[in-house]
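Below is one structure; the comments refer to it alone.
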Amino acid sequence: MDMEELEGMVFCQSCGMPLEKYEDFGTNADGSTSEEYCNYCYQNGKFTQPDITLEEMIDLCSKAMDEYGIMPLEEAKKLSQRNIPKLKRWK
């Protein structure tokens, strides 16, 4: 499944997490809600892990999806490798 297939959904432009609830969204420097990034990746107008590499983000997200029972690790890695490089932060 590619993110393009999920029209109407909003995804973090750093990690690809679906942004479904208000508390999922990160915050801008002025305290307003970020419309592009999740609260795990972006707080107070800054990335929470400014030095993370694309490869590290793919690994982190894949492990999280596995640990939370969203999908098995190998499937999560394939999805992350296909979609995360397309996100705004990594272009």
Worksheet entry | Those residues that, when tested against Lys88, pass salt bridge (Lys or Arg N to Asp or Glu O under 4.0 Å) (two or more places apart) |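 Testing Lys88 for salt bridge (Lys or Arg N to Asp or Glu O under 4.0 Å), a comparison that skips the adjacent residues, returns Glu36.
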Fill in: Contacts of type salt bridge (Lys or Arg N to Asp or Glu O under 4.0 Å), residue Asp59, not counting sequence neighbours
Lys63
Practice prompt. Flag yes if more than 12 heavy atoms outside Glu35 fall under 6.0 Å of its CD atom; otherwise flag no.
Written response: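 Result for CD/Glu35: open.
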Worksheet entry | Listed partners of Leu54 passing side chain to side chain contact (heavy atoms under 4.5 Å, CB included), at least two apart |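 Leu54: side chain to side chain contact (heavy atoms under 4.5 Å, CB included) contacts with Ile58, Ile84, Pro85, Trp90.
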Worksheet entry | Results of side chain to side chain contact (heavy atoms under 4.5 Å, CB included) for Glu55 - residues two or more places apart only |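 If we apply the side chain to side chain contact (heavy atoms under 4.5 Å, CB included) test to Glu55, skipping adjacent residues, the hits are Thr53.
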Item to complete: Evaluate side-chain contact (heavy atoms from CB on, under 4.5 Å) for Met57 paired with Cys41, printing each intermediate quantity in order.
Response: CA-CA 10 Å; Met57 181 64 80; Cys41 290; 4.1 Å; yes
Results of side chain to side chain donor-acceptor pair (under 3.5 Å) for [X] - residues two or more places apart only:
| X | result |
| --- | --- |
| Asn28 | Ser32 |
| Glu75 | none |
| Asp51 | none |

Discussion item. Quick test of your reading: applying ring pair (Phe, Tyr, Trp, His ring centres under 6.0 Å), list the pairs with at least one residue in residues 44-65, sequence neighbours left out, ordered by first then second residue.
Written reply: Tyr37-Phe47, Tyr42-Phe47
Fill in: Linked, directly or transitively: Tyr68 and Met71 (ILVMFWY side chains, under 4.5 Å)
yes
Which pairs of donor and acceptor atoms, one on a side chain in residues 14-22, lie under 3.5 Å apart (sequence neighbours left out)?
residue, atom, partner, partner atom, Å
Ser14, OG, Arg89, NH1, 2.9

Worksheet item: Looking only at atom types and distance, does a side-chain atom of Thr27 sit under 3.5 Å from a main-chain N or O of Thr33, one as donor and one as acceptor?
Response: no
Practice prompt. Mark yes or no for whether Gln43, through its side chain, and Asn39, through its backbone, hold a donor-acceptor pair below 3.5 Å.
Written response: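 Answer holds: yes.
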Worksheet item: Given the rule in the side-chain contact (heavy atoms from CB on, under 4.5 Å) test, do Asp66 and Lys77 qualify, once you have shown the distances and angles that lead to the verdict?
Response: CA-CA 9 Å; Asp66 181 46; Lys77 274 191 176 173; over 6 Å; no
